[in-house]
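To start, the structure itself, in structure tokens.
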Amino acid sequence: MADVVSPSGIPIAAVYGPGDLAPDMTAALGEPGLFPFTRGVQPTMYRGRLWTMRQYAGFGTAAETNTRFKLLLAAGQTGLSVAFDLPTQMGIDSDSPRALGEVGRVGVAIDTVEDMHALLADLPLDTVSTSMTINATASTLLAMYIVVAEERGIGRSKLSGTIQNDILKEYVARGTYIYPPAPSLKLIAETFRFCAADVPQFNPISISGYHMREAGATAVQEIAFTFANALAYVQAAVDAGLAVDAFAPRLSFFFACHNDLFEEVAKFRAARRLWARLMRERYGASDASCRLRFHTQTGGVTLTAQQPLNNVVRVAVQTLAATLGGTQSLHTNGYDEALALPTAAAATLALRTQQIIGLESGVAQTVDPLAGSYYVEALTDELESRAVALMQEVEALGGSANAIEAGFLQEEIATSAYAYQMGIEAGTIAIVGVNKFSDDAEPPVIATPDYSTLEREQRARVVAVKATRDAAVADAALGALEQAVRAEEPILMPLIIDAVRARASVGEISDALERVWGKYRQ
């Protein structure tokens with residue numbers, strides 16, 4: 001019989017027993033809610049409250065996305081998650097020639113705070129948390145969120161949510177960077193400072209392994225490279241004069257969940273334990289700063305265009321793994337997302353998948369129900385061990401930023417992605433409906449929006465705002481921001497908020513920073 005290995009290349013035995021457990025397993029397990037948090041970050045976990053159920057949404061215009069948010073909240077969603085279009089992510093206004101053909105295509109177009117008002121219209125910002133998948137322009141979108149709340153009479157202390165704000169993984173796996181790494185890290189440290197002081201319930205970053213996993217990383221690489229990046233952010237904040245325990249309790253993380261049920265459960269447990277140890281050993285952090293709080297999204301790359309209804313089962317398996325692994329927040333993909341933006345029916349079914357597992361499967365009845373499983377504990381130990389070894393390779397190169405500049409992370413992920421694809425093509429990795437039990441049926445055709453009309457209307461909106469605002473006030477706010485950047489002043493968020501309040505656009509604010517910091521080119 002051929003050797004059996006996990007997707008991360010870990011050899012899998014036919015049977016596991018007491019001899020496969022580490023001698024110090026009891027200490028490594030600990031108790032739920034206590035260091036090293038292997039069994040969960042809260043003592044009662046889902047017995048106290050189910051994970052936050054989010055469905056990622058962004059549909060061309062702010063008004064359309066607002067409609068989808070209301071539909072999902074009515075269906076029982078408990079948190080919002082915003083997808084932005086590529087120009088918004090790249091700091092390009094919809095009326096720029098550089099945005100042509102991309103406005104509203106992969107998410108919602110947000111140019112000014114007026115768009116943010118439309119996006120959040122009638123939504124209870126003081127009671128619902130909002131996650132925003134935004135990185136290079138994260139500080140500007142956070143400022144817009146704050147100004148919308150302010151203009152609706154909602155105080156900053158009542159706002160809760162997360163900005164992704166993880167620029168290092170953009171250089172590795174996603175590409176929506178603008179500025180070079182050094183000033184980008186300074187801006188991230190500034191958002192840490194600002195959120196801790198002014199928006200205490202907002203997570204200033206979501207350090208993301210998800211996108212590296214989507215690019216082809218294994219579970220081991222996902223843990224190791226995510227934490228290598230995370231340590232770079234922690235160090236940048238410390239170098240900026242922040243005390244670890246002033247910001248680290250609000251750090252959040254974002255992981256993928258794929259189809260190998262037990263490796264994924266073990267991955268989440270190993271990640272919690274490893275992060276706790278890293279923060280205590282390196283920074284002497286308090287327990288609150290050692291807790292790994294994370295959002296999970298089911299694997300986009302695991303979805304198939306062929307036989308798309310099979311994706312319903314894949315998403316259910318991944319949802320079970322994420323919840324058995326103790327996630328704090330979860331997005332479940334629509335079964336049709338390999339074909340287009342999810343339809344309302346697919347998004348609702350994805351939400352129902354979470355609700356059925358949360359309320360009907362029994363997964364929430366006890367904390368860490370797989371603890372003590374010989375197999376799961378052995379996998380947890382092995383994943384942690386391999387992640388530590390890989391992190392040491394990154395540190396030998398001078399840390400995450402240097403390793404990214406050297407192309408190490410990119411090469412490691414590319415090698416894993418290639419091996420996986422070769423396995424699919426050789427048939428040694430089974431994908432039902434693709435290389436196993438396939439048929440000749442054509443994937444269904446899903447109607448797409450009229451993007452030309454959408455783009456024309458969005459361009460008109462941003463042009464109108466620029467034409468009707470007080471130009472002198474906007475110019476002064478942008479000038480003050482640029483001057484502060486040139487003077488290397490560390491506190492920038494209040495100036496970004498002033499510019500947003502004056503109806504300066506995402507592109508104008510990004511340009512002000514870029515004129516000083518320059519543009520990063522790989």
Side-chain angles (χ1 to χ4, degrees), residues 61-62 84-100 102-103 108-120 132 134-152 156 163 165 167 176-180 183-184 186-188 190-191 193-194 198-199 455-520:
T61 69
F84 297 95
D85 74 351
L86 192 58
T88 304
Q89 295 181 52
M90 298 295 292
I92 302 168
D93 287 341
S94 296
D95 62 340
S96 168
R98 296 169 61 205
L100 188 64
E102 292 292 344
V103 174
V108 61
I110 300 293
D111 289 299
T112 71
V113 72
E114 297 299 341
D115 292 322
M116 187 66 86
H117 267 293
L119 177 71
L120 302 173
M132 294 187 281
I134 197 73
N135 295 282
T137 55
S139 56
T140 302
L141 273 296
L142 173 61
M144 287 184 172
Y145 195 88
I146 289 168
V147 171
V148 167
E150 171 188 282
E151 293 179 351
R152 288 170 49 181
R156 296 177 183 181
I163 46 173
N165 204 22
I167 203 64
T176 65
Y177 49 77
I178 302 174
Y179 322 111
S184 295
K186 289 181 180 178
L187 184 57
I188 288 169
E190 157 66 353
T191 61
R193 181 207 62 77
F194 173 79
D198 282 53
V199 208
E455 182 169 311
R456 186 169 59 253
E457 292 175 349
Q458 181 63 25
R459 287 170 63 90
R461 274 188 285 272
V462 67
V463 167
V465 172
K466 291 177 179 179
T468 56
R469 71 192 178 188
D470 187 323
V473 173
D475 289 345
L478 289 167
L481 174 61
E482 184 173 340
Q483 183 178 359
V485 177
R486 289 191 185 281
E488 297 186 356
E489 294 180 13
I491 296 177
L492 298 178
M493 277 300 298
L495 296 173
I496 295 173
I497 290 172
D498 287 345
V500 164
R501 193 181 291 117
R503 271 45 186 177
S505 68
V506 170
E508 291 170 326
I509 293 169
S510 296
D511 288 347
L513 302 178
E514 187 182 321
R515 282 192 289 272
V516 183
W517 290 339
K519 184 183 288 290
Y520 181 72

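Residue numbers start at 1 and run along the sequence shown. Both backbone and side-chain heavy atoms feed into the values below; hydrogens, waters and symmetry mates do not.
Here the straight-line distance linking atom NE2 of His117 with atom CD1 of Ile110 works out to 11.5 Å at 0.5 Å rounding. Interatomic distance, OG of Ser94 versus CG of Leu100, reported as 11.0 Å (0.5 Å rounding). Note that the CG atom of Leu120 and the OH atom of Tyr145 stand 6.0 Å from one another [nearest 0.5 Å]. Distance CE/Met132 to CG/Leu119: 9.0 Å, rounded to 0.5 Å. Considering CD of Glu508 and OG of Ser96, their distance stands at 11.5 Å, rounded to 0.5 Å. Note that CZ of Arg98 and CD1 of Ile92 are 3.5 Å apart. Values are rounded to the nearest 0.5 Å.
Residues Leu495 and Ala480 share a closest heavy-atom pair of CD1-O, 3.9 Å. Heavy atoms only, all atoms of each residue included: Ile167 and Ser184 are closest at CG2-CB, 3.8 Å. Of all the heavy atoms in Arg486 and Arg515, the pair that sits closest is NH2-O, 3.8 Å. Looking at every heavy atom in both residues, Ala118 comes nearest to Ala62 through CB-CB, 3.8 Å. Contact between Arg193 and Pro494 at its shortest, heavy atoms only, is NH2-CD, 4.2 Å. Between Trp517 and Val485, the closest heavy-atom pair is NE1-CG1, 3.3 Å.
The closest side-chain heavy-atom distance from Thr176 to Ile134 is not below 4.5 Å. Considering only heavy atoms from C-beta on, Val113 stays 4.5 Å or farther from Arg501 through its side chain. Between Asn165 and Thr191 the shortest side-chain heavy-atom distance falls below 4.5 Å. The side-chain heavy atoms of Met144 and Asp115, taken from C-beta on, include no pair separated by under 4.5 Å. When side chains are defined from C-beta on, Leu141 counts as touching Met116, because their heavy atoms get closer than 4.5 Å. Side-chain contact between Pro490 and Lys186 is absent, with no heavy atoms from C-beta onward closer than 4.5 Å. At least one side-chain heavy atom of Leu513 sits less than 4.5 Å from a side-chain heavy atom of Leu481. Taking the side chain as every heavy atom from C-beta outward, Gln483 and Glu489 never approach each other to under 4.5 Å.
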(request) Determine, stepwise, if the pair Ile146 / Val199 fulfils side chain to side chain contact (heavy atoms under 4.5 Å, CB included). (result) CA-CA 9 Å; Ile146 289 168; Val199 208; 3.8 Å; yes

(request) Check the pair Phe194 / Ile497 against side chain to side chain contact (heavy atoms under 4.5 Å, CB included), numbers first and verdict last. (result) CA-CA 11 Å; Phe194 173 79; Ile497 290 172; 3.5 Å; yes

(request) Check step by step if side chain to side chain contact (heavy atoms under 4.5 Å, CB included) holds for Thr112 and Asp93. (result) CA-CA 9 Å; Thr112 71; Asp93 287 341; over 6 Å; no

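The main-chain N or O of Leu492 is found under 3.5 Å from a side-chain atom of Glu190 such that the two form a donor-acceptor pair. Gln89 places a side-chain N or O within donor-acceptor distance of the main-chain N or O of Phe84, the cut-off being under 3.5 Å. Judged by distance alone, the side chain of Arg469 and the main-chain N or O of Arg503 form a donor-acceptor pair under 3.5 Å. Here the side chain of Thr137 pairs no donor or acceptor atom with the backbone of Thr140 at under 3.5 angstrom.
Asp85 and Thr88 share a donor-acceptor pair across their side chains, judged by distance under 3.5 Å alone.
For Glu151, the CD atom counts as densely surrounded, since its 6.0 Å shell holds more than 12 non-hydrogen atoms of other residues, nucleotides or ligands.
Of the residues Arg456, Arg461, Lys466, Arg459, the one that meets the salt bridge (Lys or Arg N to Asp or Glu O under 4.0 Å) test with Asp95 is Lys466.
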